[in-house]
Participant: 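Shown below is the structure under consideration.
Please read all numbers here as calculations on a predicted model, not as lab measurements. The sequence lines fix the lettering, A, B, ..., with proteins before strands; numbering per chain opens at 1.
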Amino acid sequence: MTVRVRFAPSPTGYLHVGGLRSAIFNYLFARHYGGKFILRIEDTDRKRFVADSLADILSSFRWMALDWDEGPEVGGSYGPYLQSQRLPIYQEYTQKLIDSGHAYHCYCTPERMETLRQEQMRLKQNPGYDRHCRNLSAAERQTAIAQGVIPVVRLKAPLEGVTVFHDALRGEIITENQTLDDLVLMKSDGYPTYHLANVIDDHLMQITHVLRADEWIPSTPRHVLLYQAFGWEMPVFAHLSLILDPNGKGKMSKRKTVDASSGQEHFVQVREFRQAGYLPEAMLNYLTLLGWSYNDKTEIMSREEFIASFDLKGIKASPAAFSYDKLNWMNGIYIRELPAAELARHLIPFLEQAGIKPTDDITTWPTLLAIIPLVRERLKTLAEAPALVDFFFQEIGLPDPESLQGKLTPAETRLILEQTRSILATLPEFTATATEEALRDMAGQLGKKPGVIFTPVRVAVTGKTVAPPLFGSLEILGRQRVDERLARAIAQFEMPC
RNA sequence: GCCCCCAUCGUCUAGGGGACCAGGACGCGGCCCUUUCAAGGCUGAAACAGGGGUUCGAAUCUCCUUGGGGGCACCA
């Protein structure tokens with residue numbers, strides 16, 4: 001039997017990082033066992049439908065290189081893979097349930113359901129359908145139909161006994177049937193609910209393993225009831241623990257937040273991570289290790305290594321808090337491991353978005369490729385690059401005198417800048433080693449520590465107190481531009497402030 | 001309120017009766033390297049939620065308590 005698993009998002013919003021992790025687990029599981037990874041779109045809620053969310057899901061998958069074997073845009077022999085295109089199937093199977101006595105029409109209006117719910121809350125009873133229509137007489141049914149009420153179809157859940165299912169991660173989960181109510185299977189708009197569509201499709205698509213989020217555990221017994229009503233064999237269930245907010249309090253938020261103390265933005269949508277300059281490889285690595293582990297040592301694993309070793313045994317049942325700190329660290333590692341040309345290619349869109357055009361004017365401006373060795377290990381995300389390298393590609397503003405000075409006096413600063421300018425102007429070769437040697441000599445002659453005199457030069461040339469390594473930067477900027485920037489910095493000290 | 005799930009350093013985790021006065025990683029502190037910032041190296045602080053069992057022996061098995069999380073829609 002070949003393994004067949006699915007990820008089944010509903011297109012009600014952009015793909016969430018929690019959903020992505022479920023997708024990754026399914027994907028790795030399928031690839032490990034040489035099975036099929038199916039993408040099915042559960043678009044049965046017409047009210048919450050978001051038009052471009054399907055496109056977002058697909059593009060997020062492509063970005064992550066989670067290739068699906070069956071689903072939208074690739075097809076497959078168990079389609080269609082959009083539930084909205086499978087309505088006749090659900091109707092057919094619903095009728096079977098009605099015919100076999102496992103389901104019934106319910107004519108209760110939304111208004112009645114609302115008052116019922118409020119009454120139950122008032123009496124501190126458990127909310128749930130009171131089975132009002134479960135045993136309607138023919139006359140009562142006729143009256144409702146005559147009034148033009150469009151019914152829903154409900155499952156006739158057993159009133160006593162227990163429903164048991166086996167979760168691959170947690171063992172037996174037993175539910176008292178009296179805690180289950182008669183859930184809606186078919187809505188009055190003719191669309192199935194998740195519960196019905198999910199069971200029918202998993203069966204028809206021959207899904208062997210259902211790896212889905214923890215939050216589905218409470219409704220699984222109802223799914224089991226449906227499998228039993230249809231007389232179908234159940235898939236293996238494995239419920240994945242939830243991802244918690246970084247503080248460990250509650251399910252990870254659906255909206256981006258900003259951490260008050262660190263200022264770190266807490267992204268939640270896959271597209272946000274992408275825009276913030278995280279690499280898909282890092283996301284895959286981090287997310288897989290959030291809830292699954294290989295051993296007590298390994299932190300960095302490639303996709304191939306994950307595929308080779310991923311299975312249900314390594315999955316933890318307890319929820320896990322998302323750590324942006326650790327993701328940042330890991331993303332930095334992946335950035336550093338990227339070949340220079342590859343990193344440059346990744347960086348270009350981020351630079352362009354910041355108004356930097358690294359490909360323009362390469363005769364007068366430096367090439368991105370030359371800069372990469374200087375900045376590579378300073379990046380945690382791609383989005384940090386523009387602020388670090390902008391001075392290579394565009395003019396800088398007038399350097400701030402206080403930053404230029406550092407701990408020096410204005411007179412000392414000016415002297416250093418002037419001497420630097422004249423020394424660099426006479427250097428036969430404008431290389432990193434030559435400029436460094438020259439400035440170190442100069443420091444010795446001035447009786448200053450080298451680091452002290454590098455500061456004004458750095459600020460003059462880069463406009464920043466924190467910048468890539470100075471001498472490499474000088475070489476890339478070139479003699480003429482360095483000279484111009486030194487001159488402008490010196491001018492700062494010619495007029496009294 | 002009712003039902004369900006979970007429980008090792010702040011966080012992610014290793015651990016499945018003796019190999020553990022609990023190992024790794026992120027983060028945090030210190031030192032080294034160093035032109036700033038990083039990166040890197042070394043190093044330090046930091047956990048078995050509590051209480052009953054079972055056992056010669058429990059982080060590991062069991063029960064209870066506590067804590068945390070999730071679910072109770074004509075949403076998925």
Participant: What nucleic acid atoms does T455(A) come within less than 4.0 Å of, heavy atoms only: base, sugar-phosphate, or nothing?
Facilitator: nothing
Participant: Name the closest nucleotide to the S10(A) side chain, picking from rG69(B), rA76(B), rG1(B).
Facilitator: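 Taking heavy atoms from C-beta onward, the closest nucleotide is rA76(B).
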Participant: Any base atoms under 4.0 Å from R170(A), or only sugar-phosphate, or nothing? Heavy atoms, all strands.
Facilitator: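 Sugar-phosphate contact only - R170(A) comes under 4.0 Å of backbone atoms but never of a base.
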Participant: Taking any strand in view, what nucleotide pairs with rC2(B) in a Watson-Crick or G-U wobble way, both distances under 3.5 Å?
Facilitator: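 Partner of rC2(B): rG71(B).
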Participant: NA contact type, G332(A), heavy-atom cut-off 4.0 Å: base, sugar-phosphate, or nothing?
Facilitator: nothing
Participant: Identify whether any heavy atom of P9(A) sits under 4.0 Å from a base atom; if not, whether one sits that close to sugar-phosphate; answer base, sugar-phosphate or nothing.
Facilitator: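 It contacts nothing in the nucleic acid.
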Participant: How would you label the contact of D45(A) with the nucleic acid (heavy atoms, under 4.0 Å): base, sugar-phosphate, or nothing?
Facilitator: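 Sugar-phosphate: the residue D45(A), judged by heavy atoms under 4.0 Å, touches backbone atoms but no base.
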Participant: Indicate whether OP1 or OP2 belonging to rC6(B) is found under 4.0 Å from a side-chain N or O atom of S241(A).
Facilitator: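 No, S241(A) has no side-chain N/O under 4.0 Å of OP1/OP2 on rC6(B).
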Participant: Looking at rA39(B), I'd like to know if its phosphate oxygens (OP1 or OP2) sit under 4.0 Å from a side-chain N or O belonging to K380(A).
Facilitator: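 It does, given that an N or O in the side chain of K380(A) lies less than 4.0 Å from OP1 or OP2 of rA39(B).
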Participant: May I ask you to verify if any side-chain N or O of R222(A) is less than 4.0 angstrom from the OP1 or OP2 atom of rC72(B)?
Facilitator: no
Participant: Categorize A320(A) for me: base, sugar-phosphate, or nothing, with a 4.0 angstrom heavy-atom threshold over every strand shown.
Facilitator: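 Sugar-phosphate: the residue A320(A), judged by heavy atoms under 4.0 Å, touches backbone atoms but no base.
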Participant: With respect to the phosphate group of rG10(B), does any side-chain polar atom (N or O) of K249(A) fall under 4.0 Å of OP1 or OP2?
Facilitator: no
Participant: Are Y191(A) and Y90(A), when compared by the centres of their aromatic rings, separated by less than 6.0 Å?
Facilitator: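 No, the ring centres sit 6.0 Å or more apart.
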Participant: Rounding to a whole Å, what distance do you find between H166(A):NE2 and rC5(B):P?
Facilitator: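 H166(A) atom NE2 is separated from rC5(B) atom P by 13 Å.
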Participant: Quick one: L439(A) CG to rU35(B) P, roughly how many Å, whole number?
Facilitator: 12 Å
Participant: Ignoring backbone atoms, establish whether K326(A) has a side-chain N or O less than 4.0 Å from OP1 or OP2 of rG27(B).
Facilitator: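 Checking rG27(B) against K326(A), no side-chain N or O comes under 4.0 Å of OP1 or OP2.
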Participant: Quick one: label R376(A) by what it contacts on the DNA or RNA (base, sugar-phosphate, nothing), any heavy atom closer than 4.0 Å.
Facilitator: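 R376(A): no heavy atom of the nucleic acid under 4.0 Å.
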Participant: Would you indicate what T12(A) reaches in the nucleic acid, counting non-hydrogen atoms under 4.0 angstrom: base, sugar-phosphate, or nothing?
Facilitator: nothing
Participant: For the side chain of K251(A), starting at C-beta, report the closest nucleotide among rG70(B), rC37(B), rC74(B).
Facilitator: rG70(B)
Participant: Return the pairing partner of rG10(B) with a 3.5 Å limit on both distances, Watson-Crick or G-U wobble; otherwise return none.
Facilitator: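 Here rG10(B) is engaged in a pair, and the nucleotide opposite it is rC26(B).
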Participant: Regarding V152(A), tell me which of base, sugar-phosphate or nothing describes its non-hydrogen contacts under 4.0 Å with the strands shown.
Facilitator: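 Base, at least one base heavy atom under 4.0 Å.
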Participant: For rA73(B), take OP1 and OP2 only and decide whether either is under 4.0 Å from a side-chain N or O of T193(A).
Facilitator: no
Participant: So, is K316(A) close to the rA14(B) phosphate, meaning a side-chain N or O under 4.0 Å from OP1 or OP2?
Facilitator: yes
Participant: Does the plane of the ring in F237(A) sit parallel, tilted or perpendicular to the ring in F165(A)? Use 30° and 60° as the thresholds.
Facilitator: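 Judged by the thresholds at 30° and 60°, the geometry between F237(A) and F165(A) is perpendicular.
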Participant: Do L196(A) and T193(A) have side chains that approach each other closer than 4.5 Å (heavy atoms only, starting at C-beta)?
Facilitator: yes
Participant: Would you give the length of the straight line joining atom CG of D201(A) to atom CZ of R6(A), rounded to the nearest 0.5 angstrom?
Facilitator: 9.0 Å
Participant: Identify whether any heavy atom of K449(A) sits under 4.0 Å from a base atom; if not, whether one sits that close to sugar-phosphate; answer base, sugar-phosphate or nothing.
Facilitator: nothing
Participant: Which part of the nucleic acid does R112(A) contact within heavy-atom distance under 4.0 Å: base, sugar-phosphate only, or nothing?
Facilitator: nothing
Participant: Is there a Watson-Crick or G-U wobble partner for rC48(B) with both distances under 3.5 Å, and which nucleotide is it?
Facilitator: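 By the stated definition (distances under 3.5 Å), nothing pairs with rC48(B).
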Participant: Out of R212(A), E215(A), R170(A), which residue meets the side-chain hydrogen bond (donor to acceptor under 3.5 Å, both in side chains) rule with H239(A)?
Facilitator: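 It is R212(A), the one option of R212(A), E215(A), R170(A) that forms the side-chain hydrogen bond (donor to acceptor under 3.5 Å, both in side chains) with H239(A).
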Participant: Identify whether any heavy atom of P319(A) sits under 4.0 Å from a base atom; if not, whether one sits that close to sugar-phosphate; answer base, sugar-phosphate or nothing.
Facilitator: sugar-phosphate
Participant: Quick one: look up who rC61(B) pairs with, Watson-Crick or G-U, both distances under 3.5 Å, and put none if it's unpaired.
Facilitator: rG53(B)
